[in-house]
Each structure stands twice: as structure tokens, then as C-alpha cells.
Q: 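Input: one structure, supplied below.
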Amino acid sequence: MDKRNRAALAYLLAGISAAGRALLAMPESTQLQELSLTALAVVGYLLLCRRTVWPLVCGGGQLVLELVLCGSQNGGVWVWLNPALRAVDLWLLLGASVLMLGVAGQPRRAMPVAASVPLAVYTVTHFLPGAALAASVSFVVFSVALLWYAVLMLRAYNAARITKQ
């Protein structure tokens, strides 16, 4: 790969990060893995700063939230906010994904809708103690949508690599 092809590298990093996040399967007890995968995506977003800064803003917000979630893993002041912080983190991930699809010139109609519906269900059911099964199932469906996003980013990587943007 051409080292000067920043767009191709950014799409590759975003795709790998999304695939890794999707394969974590459950949002609990994976704070350090999410943090490292988000840092990988943020490096990709940094490579695209000349085109747009919004994915970087979403990625930076994710990093801050994930650092707070890592710090509250063993208790602490923020532990009561964990469900809300987790939901905001996932919505920022979806926002960055939609923005990256636009930057990459990939279709961005079906995947965001397919990801936002289970994420909305997860966000609501995550706060309800009796709906743990629905929260788990909706998160798995959201993870499948992240795999779809990863495939779209890898397509964008291949196209950028070939055309040498």
C-alpha cells in the first residue's frame, strides 16, 4: 500500500476497528478492548482531518466516555451513570460510522437505519432490569450492523487503494 494514501489507510483502520467492536459481542466487561479499538479508529479519523473533522469529534467523545467507563469499572463516582454513558458511546460510534460512510462515498441509507433500530431498542431496554434478554439480542443485531459497516469500509479501502486518492 502506498504510504501516502491516507484515505485508504483511514478506511482500513475504521473497518478493522468496527469489525473488532462487532466481535466483542457484549458491551459489558470489554472496556479496555473497546478503548483500544476506538483509539485505532481515531487514528484513521485523524488521517482524514483535512476532509472533515466530525468523525474525529465523535471518536474523541468515544475515547473520553470509554476512559470514564474504564475508570468506573471497579466502582467510583461514575458507576451509576454507566448505562447512560454506554448508550451515548454507542450512539457516537454510529454517528462516526455514518459520517465515515459519507466521506468514503459509500451508500449510507440502509446500514444506519439497520443499526439505529437495534441500538434504540438496546438504549431503552438497557435501563430496564427485566429486559436484559431484549437488550442482549438488540446489541447482537447492532453488532451485525457494525460488521456490515466494516465491509463497507473495507470496500472503500480497496477503492481508495486502487484509485490512489
Q: Heavy atoms only: give me the nearest L35-C70 pair and the separation to one decimal.
A: CD2-SG, 4.2 Å

Q: Starting at CG of L32, measure out to CG of L69 and round the result to the nearest 0.5 Å.
A: 11.0 Å

Q: Decide yes or no for P55 and L48: does some side-chain heavy atom of the first lie under 4.5 Å from some side-chain heavy atom of the second?
A: no

Q: CG/L146 to CZ/F139 distance, rounded to the nearest 0.5 angstrom?
A: 7.5 Å

Q: Where do Y149 and A96 come nearest, in terms of heavy atoms and distance?
A: OH-O, 4.4 Å

Q: In chain order, what residues pass the side chain to side chain contact (heavy atoms under 4.5 Å, CB included) check against L40, with sequence neighbours excluded?
A: L13, I16, S17

Q: Which heavy atom of A19 sits nearest a heavy atom of A150, and at what distance?
A: N-CB, 3.8 Å

Q: What about L94 and V144, same hydrophobic cluster or not, with Ile/Leu/Val/Met/Phe/Trp/Tyr joined at side-chain heavy-atom distances under 4.5 Å?
A: no

Q: How would you list all residue pairs meeting salt bridge (charged side-chain N to carboxylate O under 4.0 Å, His left out) that involve residues 54-69, not counting sequence neighbours?
A: R21-E66

Q: Can you tell me how far OG of S36 sits from CG of L63, rounded to the nearest 0.5 angstrom?
A: 10.5 Å

Q: Can you tell if the side chain of E34 reaches within under 4.5 Å of the side chain of D89, non-hydrogen atoms only?
A: yes

Q: Would you kindly confirm whether L67 and L46 end up in one hydrophobic cluster when ILVMFWY residues are joined by side chain heavy atoms under 4.5 Å apart?
A: yes

Q: Can you tell me how far apart CD (Q33) and CG (L24) are? Round to the nearest 0.5 Å.
A: 6.0 Å

Q: Looking at every heavy atom in both P83 and F127, which two are closest together, and how far apart are they?
A: CB-CE2, 3.5 Å

Q: Kindly compute the distance separating CZ (R6) from CZ (R51), expressed to the nearest 0.5 Å.
A: 11.0 Å

Q: With sequence neighbours left out, what residues match W91 under side chain to side chain donor-acceptor pair (under 3.5 Å)?
A: T123

Q: Do Y122 and V124 sit in one hydrophobic cluster, given that two such residues count as connected whenever their side-chain heavy atoms are within less than 4.5 Å of each other, even indirectly?
A: no

Q: Only counting residues at least two apart or in another chain, list the ones meeting side chain to side chain contact (heavy atoms under 4.5 Å, CB included) with V88.
A: L65, L92

Q: For R155 and N158, test the side chains for any donor-to-acceptor distance below 3.5 angstrom and give the result as yes or no.
A: no

Q: Applying the 4.5 Å side-chain criterion to the ILVMFWY set and letting contacts propagate, would M153 and V151 be lumped into a single cluster?
A: no

Q: Roughly how far, to the nearest 0.5 Å, is CG of L56 from CD of Q62?
A: 11.0 Å

Q: Which atoms form the tightest heavy-atom contact between S143 and A22, and what is the distance?
A: O-CB, 3.2 Å

Q: Should V141 and L119 be regarded as members of a common hydrophobic cluster, given that ILVMFWY residues are connected when their side-chain heavy atoms come within less than 4.5 Å of each other, either directly or indirectly?
A: no

Q: Check residues 97-113 and write down every donor-acceptor pair under 3.5 Å in which the side-chain atom is one partner and the other belongs to a residue at least two apart or another chain.
A:
unit_1	atom_1	unit_2	atom_2	d
S97	OG	L93	O	2.8

